[in-house]
There are 2 protein chains.
Amino acid sequence: MSDTIKVLLAEDQSMVREALAALLGLEPDIEVVAQVARGDEVLAAVREHDVDVALLDIEMPGKTGIEAAAEVRRARPGLKLVILTTFGRPGYLRSAMESGADAFLVKDAPAAQLAEAVRKVLAGERVIDPTLAAAALADGANPLTDRERDVLRAAADGSTNAELAGKLHLSQGTVRNYLSTAIQKLAVRNRAEAVRIAREKGWL
Amino acid sequence: MSDTIKVLLAEDQSMVREALAALLGLEPDIEVVAQVARGDEVLAAVREHDVDVALLDIEMPGKTGIEAAAEVRRARPGLKLVILTTFGRPGYLRSAMESGADAFLVKDAPAAQLAEAVRKVLAGERVIDPTLAAAALADGANPLTDRERDVLRAAADGSTNAELAGKLHLSQGTVRNYLSTAIQKLAVRNRAEAVRIAREKGWL
DNA sequence: GTGCGGCCATGACATCTGTCACCCCATAGT
DNA sequence: ACTATGGGGTGACAGATGTCATGGCCGCAC
């Protein structure tokens, strides 16, 4: 620990990542000491650079920011974790918190909240959008079982039952049963809507 | 026209927008004179502020960056237009060019290209990713008719034929015919795949 | 003015999808 | 021992979906 806050930035879109670095660079007490573009590079980077706070995007190649957060939390329990994402999906917030994140920010929040969140988590606070927190609580937990999620995820690209059965090593009937139960749990009328709703909630 | 290049920034996610502004602010010859968060606010902003270059995101509420570009091109033909987008979809590039854009950048390009592109368009150059240009040419033009696109777009959320027929004031048979021709043109096997492919190409 | 293409529609058909009832098996909880 | 719960499966059925042939209407190009 020194006088400036050392930040790691993980975000796959270079332009956004470097722009965020420029933004944080304007803050006198914050220093971006490392940048990575992939989720699976986060752990190595926090080991190499002496980092106080890791800022993680969720959608990244290699590993999601949430998975990376869980990894870092195990390896460096003291390090603060801020999830920064495009999509304010209730399910994302839930799993981010379960993986040990200290803050959850959406990218359409004012830019000032970013530096503010970095300082707050370092002071031991948690930073969560209250509206999103309410939505996450109202939605309840993910009602889908592991297999239902697998099938739904695989069905997302428009595969037929036969293809799904092949990919997942199941019979066509089983695939249809899983999709049917998922459709009922999500209270929709077909697989396409089920995929859409599950995505929106962050359950996929 | 003065000694610094005056830039308008249109991007709906505040954090990204302000971060990009910070990034451009580091360049001594560039000045961000206006920021908007919606596509339908672009025209008013270029009228109010004396802008040299407009930087437009595509996905925005109100109006897409491409639609906004066409508007601005008509109202202020001399103003340079840079499209900045998350998705390097060939169809996007094509329609951006048709709407009169001078540059097309994807957000996962290096940040240095942003300021560079701003200077280049002002010097009369066009800036286009060569790989993406090749993909756009290889894909050819959008093969879908207006109605096929309408139906496909409406079908994207998982609506049934009956619902589509109601929304579009068509008979169910007609809806099915349009979907069928779209499916054939895109060389896929069902509506879900058709929606996915059309989205990827930027044809929706 | 004779095509051609886009738009709208119908009816018939085969296949795909979603539902339901029912089955087996394993594991975890009471 | 009993009972959920989840995973995996079957067969039957109704309804949704995709295809095809065919027709009419309109506007535009040659």
Side-chain angles (χ1 to χ4, degrees), chain A residues 91 94-95 98 139-204, chain B residues 91 94-95 98 139-204:
Chain A
R94 184 176 289 266
S95 36
E98 283 167 3
D139 278 351
N142 188 338
L144 304 172
T145 66
D146 287 351
R147 295 309 264 161
E148 284 162 0
R149 249 203 333 282
D150 289 345
V151 177
L152 214 50
R153 220 187 335 248
D157 66 354
S159 297
T160 65
N161 285 329
E163 288 166 339
L164 295 175
K167 281 182 209 165
L168 301 169
H169 307 291
L170 295 174
S171 83
Q172 285 197 39
T174 306
V175 168
R176 281 155 61 191
N177 283 340
Y178 281 138
L179 284 172
S180 184
T181 55
I183 286 167
Q184 288 175 316
K185 284 181 180 176
L186 300 176
V188 292
R189 286 188 321 300
N190 56 50
R191 64 182 67 192
E193 274 191 324
V195 167
R196 188 171 58 84
I197 297 297
R199 274 235 183 86
E200 276 173 19
K201 302 275 192 185
W203 287 340
L204 219 57
Chain B
R94 183 176 289 267
S95 37
E98 283 167 2
D139 277 353
N142 188 338
L144 303 173
T145 67
D146 286 352
R147 296 308 266 160
E148 283 161 2
R149 251 203 331 283
D150 289 344
V151 177
L152 215 49
R153 218 185 340 245
D157 66 353
S159 297
T160 65
N161 285 329
E163 287 166 340
L164 294 175
K167 280 183 213 167
L168 302 169
H169 308 290
L170 295 173
S171 82
Q172 284 198 39
T174 305
V175 168
R176 280 154 65 189
N177 284 340
Y178 281 139
L179 285 171
S180 184
T181 56
I183 287 167
Q184 287 173 317
K185 285 180 180 175
L186 300 176
V188 294
R189 285 188 321 298
N190 55 50
R191 62 183 68 193
E193 274 192 324
V195 167
R196 188 171 59 84
I197 297 297
R199 274 235 182 85
E200 277 174 17
K201 301 276 192 185
W203 288 340
L204 221 57

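So that the names make sense, note that chain A is the first sequence line, chain B the second, and so on, each numbered from 1. Treat the numbers as computed from the prediction; the structure is a model and nothing was measured.
If you take CG of Leu179(B) and P of dT19(D), they are 10 Å apart, rounded to a whole angstrom. Separating the CZ atom of Arg149(A) from the P atom of dG6(D) is a distance of 12 Å, rounded to the nearest angstrom. Atom CG in Leu170(A) sits about 9 Å away from atom C1' in dG7(D), given to the nearest Å. Rounded to whole Å, atom P of dT19(C) lies 12 Å from atom CD of Glu148(A). Here the P atom of nucleotide dT27(C) and the CG atom of Asp146(A) are 17 Å apart, to the nearest Å. For the pair Gln172(A) CD and dG8(D) C1', the interatomic distance rounds to 15 Å; values are reported in whole Å. In this entry the distance linking CG of Asn142(B) with P of dG6(C) reads 12 Å, nearest Å. Note: CG (Asn190(B)) to P (dA16(D)) measures 17 Å, nearest angstrom.
Side-chain N/O atoms of Tyr178(B) include none lying less than 4.0 angstrom from OP1 or OP2 on dC7(C). Between Arg189(A) and dG18(C) there is no side-chain N or O to OP1 or OP2 distance below 4.0 Å. Taking only side-chain nitrogens and oxygens, Ser180(A) comes nearer than 4.0 Å to OP1 or OP2 of dT19(C). OP1 or OP2 of dG6(C) has not a single side-chain nitrogen or oxygen of Arg147(B) nearer than 4.0 Å. The phosphate of dT17(C) has OP1 or OP2 within less than 4.0 Å of a side-chain N or O from Asn161(A).
Residue contacts shown for Ser171(A) are limited to sugar-phosphate atoms, with no base heavy atom under 4.0 Å away. Among the heavy atoms of the strands lying under 4.0 Å from Thr174(B) is at least one base atom, whether or not backbone atoms are also near.
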Side chain to side chain contact (heavy atoms under 4.5 Å, CB included) for Arg196(A) and Val188(A)? Distances and angles first, verdict last. CA-CA 10 Å; Arg196(A) 188 171 58 84; Val188(A) 292; over 6 Å; no
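For dC20(C), the base has a donor-acceptor partner in the side chain of Asn177(A) [N/O atoms by modelled type, under 3.5 angstrom].
When side chains are defined from C-beta on, Leu164(A) counts as touching Arg191(A), because their heavy atoms get closer than 4.5 Å. Using a 4.5 Å cut-off on side-chain heavy atoms (C-beta onward), Asn161(B) and Leu179(B) make contact. Side-chain contact check for Asn142(B) versus Arg149(B): some heavy-atom pair is nearer than 4.5 Å. You'll find the side chain of Leu186(B) reaches within 4.5 Å of the side chain of Trp203(B), heavy atoms only.
Considering only side-chain atoms of Thr145(A), the nucleotide from dG7(D), dC20(C), dC7(C) that sits closest is dG7(D). The side chain of Arg176(A) has dT17(C) as its nearest neighbour among dT17(D), dG7(D), dT17(C).
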